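Below: the structure, in structure tokens.
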There are 2 protein chains.
Amino acid sequence: MVGVELPKARQVYLVLRERIANGGLNAGDTLPGEQALAGEHNVSRVTVRRALAELEREGLIDRRRGAGTFIALQNAVKPVVADLADVLSNLIAMGRSTDVRLLAFSYQDAPAMVADALRLVKGERVQRSVRVRIVDGEPFSYLTTHVPERIGVTYTEPELASKPLLALLERSGVSVDRATQEISAVLASPEAAAALNVDIGSALIALTRVVYDGKGRGVEHLHALYRPDRYAFRMDLARTGRNGGRRWSPVENGHAEAGTTKGSETQAGNAREERGKRR
Amino acid sequence: MVGVELPKARQVYLVLRERIANGGLNAGDTLPGEQALAGEHNVSRVTVRRALAELEREGLIDRRRGAGTFIALQNAVKPVVADLADVLSNLIAMGRSTDVRLLAFSYQDAPAMVADALRLVKGERVQRSVRVRIVDGEPFSYLTTHVPERIGVTYTEPELASKPLLALLERSGVSVDRATQEISAVLASPEAAAALNVDIGSALIALTRVVYDGKGRGVEHLHALYRPDRYAFRMDLARTGRNGGRRWSPVENGHAEAGTTKGSETQAGNAREERGKRR
DNA sequence: TTTAATTGTCTACATTATAATACAACATGA
DNA sequence: TCATGTTGTATTATAATGTAGACAATTAAA
């Protein structure tokens, strides 16, 4: 049973990061001393120091010998905030350069989950592709798509790497009509972590979208993973008329806000690259 | 720099769990032998066995001596899928029993992030509360709310533990009008992990909602953490008219589907409780 | 200046994780 | 029955991680 626990240094790191982000600690505040932190968390000072070193490397804190440890001034690297409907359009509208790398492309039997969602007969063949979308030189989404073979054959591998999948589907005569999507959270698997340049086991936003044509047949199964530090789903809600109903309705928000802070981005970006290389 | 890495056993565990969930492995399939897995992942067989032991404890696989390791039949404990607008209403509509525990309640200076979102003067006092919502006996959301002091004083601590916050706000004359919410993913901090009965460092869905009154003043800042195995945000989208626009519009879905499988829930629930107790 | 508190550094040791190997117990199919 | 491959168990060795304590360097305040 032992062996799958998190190292203590990482636990302390997590707790402190949480306190800095949401725990009511403001920029410039003084953190408790290493000795005190060691006591609070029931670990040795050396372990606390490892956690603090990681936080310092990410630019969240400043440590000054003799003085103490302080919360860094511009610690919040705000993610790009975009509407839930169409990520790509929003990014382009923000004037960002996007690029795609095709990591895998094959035809195979449909996994049970996909066959179920697309309403295929079990084992029907599908086209599977894995792509990484790169925005402004940094990877930020890891896309796994499954498309029924009969539709997949209407476009080629290089086309998939250069054009949006939805456009390819429409070109082949499919009427893209309706979709269902779910948002969840997962830990980064080694493959996804490598592609997105984050640590294995870090948190990722998971989005699963199933697209149907006019007749209700599934035409695309998309499983997307996003870096939460680079992206967040945002929606505006308005209270629905009936009083006491206590319900919200989604509101079309004209354009998404670009939320990435200029100054801090480069710094955090570099720190992250180091982290990725260290193995 | 060392000390915050994930143990190899946990990395292998993550990979295998990912493959079981989304990697095209179906129920009943045979996993590669421990020796083979050790080779694939460049770790020793002992390490692979630790990862497998964890998966077995969670009911995802069956191991039979002499025979092999198999994917458990009913492994997919589907989360409760609900609409993004109003979680609580959906749960009640599903006929589920919900309960609330109040973990913290205090008045304090507003953290920078909250003050910013609610458009308060920095350091203005706010009421902070931490609640855990329990559905069908299992904790599934961890809510941290900040409300401006002038509004917070209109209700009492026990009221907060028994009535929805939005109802309390309206009772005090606040016109709840508009909200913005963002969905992201975070790792479970020790506090959240303990409250939600999951492992430290597991992935959680993070939702931040800021509610405004008719005059655009912030009246509530909600930070919610959900267990992804118990919950997922779902939305239905329809293609917007203009052809080539390639945009989606949210669709009101009348009622959310209850997605929890009866049989598997108890089993997985028990496994999880064990996990929570082991420390 | 003095004093106390802080971070930085170092050493020695204990505990835990991982690796490599061998062998037993069991299942399966030839 | 037998050969083969599997999981279960044990042993040993090495590496990684955590602990404890002491001391130096620096800061800030008394």
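Reminder, nothing fancy here: chain letters follow the sequence lines and each chain counts from 1. From a predicted model like this one, the values you see are computed outputs, not experimental measurements.
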Carboxylate-amine/guanidinium contact B/Glu149 B/Arg128, below 4.0 Å: no
Contacts of A/Glu191 that satisfy salt bridge (charged side-chain N to carboxylate O under 4.0 Å, His left out) - sequence neighbours left out: none
Side-chain contact check for B/Arg50: nearest option of C/dA19, D/dA20, C/dA17 is C/dA17
Non-neighbouring partners of B/Arg131 that pass side-chain hydrogen bond (donor to acceptor under 3.5 Å, both in side chains), sequence neighbours left out: none
Is the phosphate of C/dA19, meaning OP1 or OP2, less than 4.0 Å from a side-chain N or O of B/Lys8? yes
Any chance the side chains of B/Glu58 and B/Tyr13 put a donor and an acceptor closer than 3.5 Å? yes
Centroid-centroid under 6.0 Å between A/Phe233 and A/Tyr231 rings: yes
Send over the distance from B/Leu31 CG to D/dT6 P, rounded to a whole Å. 12 Å
Using whole Å, what does the distance between atom P of nucleotide C/dA17 and atom CZ of A/Arg10 come to? 16 Å
Note, A/Leu52 side chain near A/Glu54 side chain (heavy atom, < 4.5 Å): no
Can you pull out how bent the helix from C/dT1-D/dA30 to C/dA30-D/dT1 is, comparing the axes over its first five and last five pairs, to 10°? 30°
Are the side chains of B/Tyr142 and B/Phe140 in contact, using a 4.5 Å heavy-atom criterion? no
Per-nucleotide protein contact string for nucleotides 23-30 of chain C (B base, S sugar-phosphate only, - none; heavy atom under 4.0 Å): --BBS---
Any side-chain N or O of B/Thr47 below 4.0 angstrom from OP1/OP2 of C/dA19? yes
Atom CZ of residue position B/Arg101 - does it have more than 12 heavy atoms of other residues, nucleotides or ligands inside 6.0 Å? no
Neighbours of DNA chain D within residues 32-42 of chain B, by heavy-atom distance under 4.0 Å: B/Gly33, B/Glu34
Find out whether A/Ile205 and A/Arg227 are in side-chain contact, i.e. whether some heavy atom of one side chain is under 4.5 Å from a heavy atom of the other. no
Atom-pair distance (CZ on A/Arg63; P on D/dT26), nearest Å: 16 Å
A/Gln11 CD to D/dT17 C1': how many Å, rounded? 13 Å
If you compare every side-chain N and O of A/Arg49 against the phosphate oxygens of C/dT7 (OP1, OP2), does one of them come in below 4.0 Å? no
State plainly whether the residues B/Asp109 and B/Arg125 are in salt-bridge range, i.e. N to O under 4.0 Å. yes
By side-chain hydrogen bond (donor to acceptor under 3.5 Å, both in side chains), B/Glu40 pairs with (sequence neighbours left out) B/Arg19
